[in-house]
Amino acid sequence: MTDVPSLRGAEVGRRIGVGLMYGLWKPRVLGAWRVPASGPVIFAVNHSHNIDGPMVMGVAPRPTHFLIKKEAFIGPLDPFLLGIGQVKVDRSTADRAAIMQALGVLESGGVLGIFPEGTRGEGDFAALRAGLAYFAVRSGAPIVPVAVLGSSDRPGRLIKALPPLRSRVDVVFGDPFEAVGHRAGGSGRRTRKALDEATERIQKQLTAHLENARRLTGR
C-alpha cells in the first residue's frame with residue numbers, strides 16, 4: 001500500500017506559502033470561492049515560471065498536493081517537499097508509486113495540483129499531456145482550471161530567476177468541470193479513446209479559462 005501524502009504536511013506547506021508569497025509579491029486572487037469546499041479536486045495550473053506552484057499553494061483556499069518532477073527534489077528540498085505533502089514524479093517512465101500517491105490524495109478527498117503541460121513553457125495550455133485526463137477520468141474528481149499571470153512578465157532586478165519583488169501576480173480560479181461529458185457517462189472508462197476525448201475537452205476548457213482570465217486581469 002502506497003502512503004498517501006500528508007494532508008497535515010500540505011497544510012503546513014500552505015501556511016509557509018501564504019507567508020512567502022504575500023511577503024515577497026502582491027498576489028491578486030480571483031475566483032477562489034469557486035473551489036469546492038470539500039471532496040476531491042484537481043487544480044490544472046498553467047506553468048510559465050518556477051513560482052507558479054508555490055504561488056497556488058499559498059493562495060488556494062485548501063491545502064494542495066502538487067505532482068512535482070523528481071529533479072526538483074535535490075538536497076534539503078527533498079525531505080522538505082515530501083514533508084509538506086508534495087508528490088515526487090519520475091517523468092521518464094510510468095511512475096506507479098507517484099500515480100498511486102496522487103490517486104490516494106483524491107480518494108481521501110484532497111486537492112491534487114497538476115501542471116498539465118508537463119513542463120514549464122509558454123503557460124498557455126497549448127500542449128497537454130495525458131496525465132491530467134487519466135487522473136480526472138479514473139477518480140471522477142472535478143477539475144478547477146487555475147491561471148497564474150504575471151509571474152513571467154519580466155525578471156527581477158535582484159534575483160533574475162524570480163519576478164520583481166512586490167510585483168503583482170494574478171491567480172484566477174475557474175469553474176469546476178468534469179473531464180467526461182454527460183453524454184459519455186461518468187463510467188471512469190480509461191480506454192485510449194476515452195482519454196483522448198477527455199484531453200480534448202479539458203484543453204478547450206482550460207484555454208477558454210485562460211482567455212477569460214487574461215480579459216479579467218488585463219494581462
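All values below were derived from every heavy atom in this structure, side-chain atoms included, with hydrogens, water molecules and symmetry-related copies excluded.
Applying the side chain to side chain contact (heavy atoms under 4.5 Å, CB included) rule to I68 yields the partners F66, A72, F73, L81, Q86; only residues at least two apart in sequence or on another chain are considered. Under the rule for a side chain to side chain contact (heavy atoms under 4.5 Å, CB included), the partners of N212 that lie at least two apart in sequence or sit in another chain are R215, L216. K26 meets the salt bridge (Lys or Arg N to Asp or Glu O under 4.0 Å) test with no other residue; sequence neighbours excluded. Partners of E11 according to the side chain to side chain contact (heavy atoms under 4.5 Å, CB included) rule, which considers only residues two or more places apart in sequence or in another chain, are R14, R15, P63. For D170, the salt bridge (Lys or Arg N to Asp or Glu O under 4.0 Å) criterion is met by R28, R168, R219, not counting sequence neighbours. With sequence neighbours left out, the side-chain hydrogen bond (donor to acceptor under 3.5 Å, both in side chains) criterion links T93 to no other residue. Residues meeting the side chain to side chain contact (heavy atoms under 4.5 Å, CB included) test with L106, sequence neighbours left out: P40, I42, L112, F135, S139, A141.
For the atom pair D52 CG and L149 CG, the distance stands at 9.0 Å (nearest 0.5 Å). To the nearest 0.5 angstrom, E200 atom CD is 8.0 Å from E197 atom CD. Rounded to the nearest 0.5 Å, atoms NZ (K193) and CG (D196) are 9.0 Å apart. Here I51 contributes atom CD1 and L24 contributes atom CG; the two are 9.0 Å apart, rounded to the nearest 0.5 Å. Note: L162 CG to N50 CG = 8.0 Å, rounded to the nearest 0.5 Å. If you take CD1 on I84 and CD1 on I16, they are separated by 6.0 Å, rounding to the nearest 0.5 Å.
Proximity of P5 to V105: side-chain heavy atoms (C-beta onward) are separated by under 4.5 Å at one or more points. Counting only heavy atoms from C-beta outward, the side chains of P116 and L206 approach each other to under 4.5 Å. Contact check for L103 versus R138: side-chain heavy atoms found under the 4.5 Å cut-off. Here the side chains of V111 and V35 are not in contact, with every heavy-atom distance at 4.5 Å or above. Proximity of P145 to Q205: side-chain heavy atoms (C-beta onward) are nowhere separated by under 4.5 Å.
Contact between D95 and D90 at its shortest, heavy atoms only, is OD2-N, 2.8 Å. When all heavy atoms of P36 and V144 are compared, the pair lying nearest together is CD-CG2, 3.9 Å. Residues N46 and V148 come closest through the heavy atom pair OD1-N, 2.7 Å. Contact record, L67 with A98: CD2-O, 4.4 Å, taken as the closest heavy-atom pair. For the pair V172 and H209, the tightest heavy-atom approach, listed with the atom from each and the gap, is O-NE2, 2.9 Å. For T217 against A213, the heavy-atom pair with the smallest separation is OG1-O, 2.8 Å.
Residues L7 and V4 do not share a hydrophobic cluster, defined by chaining ILVMFWY side chains whose heavy atoms lie under 4.5 Å apart. In this structure, L30 is not a member of the same hydrophobic cluster as V169, with clusters built from ILVMFWY side-chain heavy atoms closer than 4.5 Å.
For residues 10-45, the pairs satisfying ring-ring contact (aromatic ring centres under 6.0 Å, His included) are F43-F173, with sequence neighbours left out. Judged as a salt bridge (Lys or Arg N to Asp or Glu O under 4.0 Å), not a single pair has a partner in residues 35-51 (not counting sequence neighbours). For residues 74-83, every residue pair satisfying the salt bridge (Lys or Arg N to Asp or Glu O under 4.0 Å) rule, not counting sequence neighbours, is listed here: D78-K88.
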